[in-house]
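Notes follow once the structure below has been shown.
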Number of protein chains: 2
Amino acid sequence: MKHIDQKLIPLLKNGYCAPKIASIAQKLKEPSTTIHFNLKKLEKEGKIKAYKAVFDYRKIDEGFCAFVLLKLLPSEYKDPEKISMQLAKYDEVESVDIITGDWELILKVRVKDQDAYYHFIKNVLSREGIGKTTTLTSLKQIKSEFVAY
Amino acid sequence: MKHIDQKLIPLLKNGYCAPKIASIAQKLKEPSTTIHFNLKKLEKEGKIKAYKAVFDYRKIDEGFCAFVLLKLLPSEYKDPEKISMQLAKYDEVESVDIITGDWELILKVRVKDQDAYYHFIKNVLSREGIGKTTTLTSLKQIKSEFVAY
DNA sequence: GTTATTATTTGAATTTTATTCAGTAATATA
DNA sequence: TATATTACTGAATAAAATTCAAATAATAAC
């Protein structure tokens, strides 16, 4: 047993997939070469960023999901993108947005459980110019990444 | 001109893709049949829900993104899943989560522009047992669906 | 409107890839 | 240890993607 599962998941999380040209061609009733041409164009224009898998996160040991609302320290006000890009590097972080309103940033975070989340908060969100954080824990995901559960 | 682009995007948004077994096999230095076997297993177990494309939403006329915090009316308190599943049906809705804290639900919504968002709020979020809504407009997306910009 | 230029579409041939299946190895069970 | 179950893998086959040249359609230039 080689535990290939655990090597596949990180690869499929942000790539190593491709469009099924033949299926699309059949669905749209167009020649597959036409579909191929149009897909390459979309990719070249940068409209398509990646092909990836969507998981049932409960089943792959990433059942804990939370939205984190962040207030930045005044020192970071002038350049919120810098800290955002640092946070974006973490695999646990599904999304980072700079937002309007009472907070400056919202993160979507996925980890194994509450313990792992505490660890993440403690190590990542305590440093780097972050002021107050408000966590909205997801009790149940009804839809994620456009895919319904 | 057949405007195939606009037919491809909705298809690729939640399917019509597949893992690149040969590339994965090369990356992990395993036989492609072994990768094939393990992928089928992950799919059968329901751990993989879909293979899909991730877009640069600014480039495909879906540049407006917002998080919506929802308070439900007391009548919906007993069954927040019902209304969540109704909201999940909309293509504009990337995610729906039932959460802890001062709100009951959080949505991630993608539309063309502020006008389209107003239209969405007006038509979808005014009815169906929803009390107060708070919108957090995304000024800039740094990372989305695990893919960095 | 006509022509030139560019972009898009498409079929046929080729290359690459996924899939099937039978057999082997590894692990778990009795 | 014997037996059953699960996981892995190579060889053959089937299916798909890609390349390329040519045709068509759209757009720009005159």
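Because the structure is predicted, anything quoted here is derived from the model rather than measured. Below, chain A is the first sequence line, B the second, and so on; all start at residue 1.
- dA7(C) atom P lies 11 Å from atom NZ of Lys41(A), rounded to whole Å.
- Rounded to a whole Å, the CD atom of Glu43(A) is 13 Å from the C1' atom of dT18(D).
- Of the candidates Ile98(A), Leu73(A), Leu72(A), Ile83(A) forms a side-chain contact (heavy atoms from CB on, under 4.5 Å) with just one, namely Leu72(A).
- Here the C1' atom of nucleotide dG11(C) and the CD atom of Glu30(A) are 14 Å apart, to the nearest Å.
- Leu107(A) and Leu69(A) fall into different hydrophobic clusters, where Ile, Leu, Val, Met, Phe, Trp and Tyr side chains are chained together by heavy-atom contacts under 4.5 Å.
- In this structure, Leu28(A) atom CG and dT10(C) atom C1' are separated by 16 Å, rounded to whole Å.
- In this structure, Lys44(A) atom NZ and dA7(C) atom C1' are separated by 12 Å, rounded to whole Å.
- Taking atom CD1 of Ile4(B) as the reference point, atom C1' of dT8(C) lies 9 Å away to the nearest angstrom.
- Here the side chain of Glu30(A) pairs no donor or acceptor atom with the backbone of Ala25(A) at under 3.5 angstrom.
- Ser32(A) contributes atom OG, which lies 10.5 Å from atom CG of Leu39(A) (distance to the nearest 0.5 angstrom).
- Distance Phe37(A) CZ to dA23(D) P: 18 Å, rounded to the nearest Å.
- Residue Ile24(A) contributes atom CD1, which lies 8 Å from atom P of dA17(D) at whole-angstrom precision.
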ask   = Nucleotide by nucleotide, 5' to 3', does protein get under 4.0 Å of the base (B), only the sugar-phosphate (S), or neither (-) in nucleotides 12-25 of chain C, counting heavy atoms?
value = B----SSSB-----
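- Here the options are Lys13(A), Lys112(A), Arg110(A), the test is salt bridge (Lys or Arg N to Asp or Glu O under 4.0 Å), and the partner is Glu62(A); only Lys13(A) passes.
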task = Evaluate the criterion side-chain hydrogen bond (donor to acceptor under 3.5 Å, both in side chains) for residue pair Glu43(A) and Tyr51(A); output intermediate values, then yes/no.
result = CA-CA 10 Å; Glu43(A) 291 169 14; Tyr51(A) 301 99; 2.7 Å; yes
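- Checking the phosphate oxygens (OP1, OP2) of dA7(D), no side-chain nitrogen or oxygen of Asn38(B) falls inside 4.0 Å.
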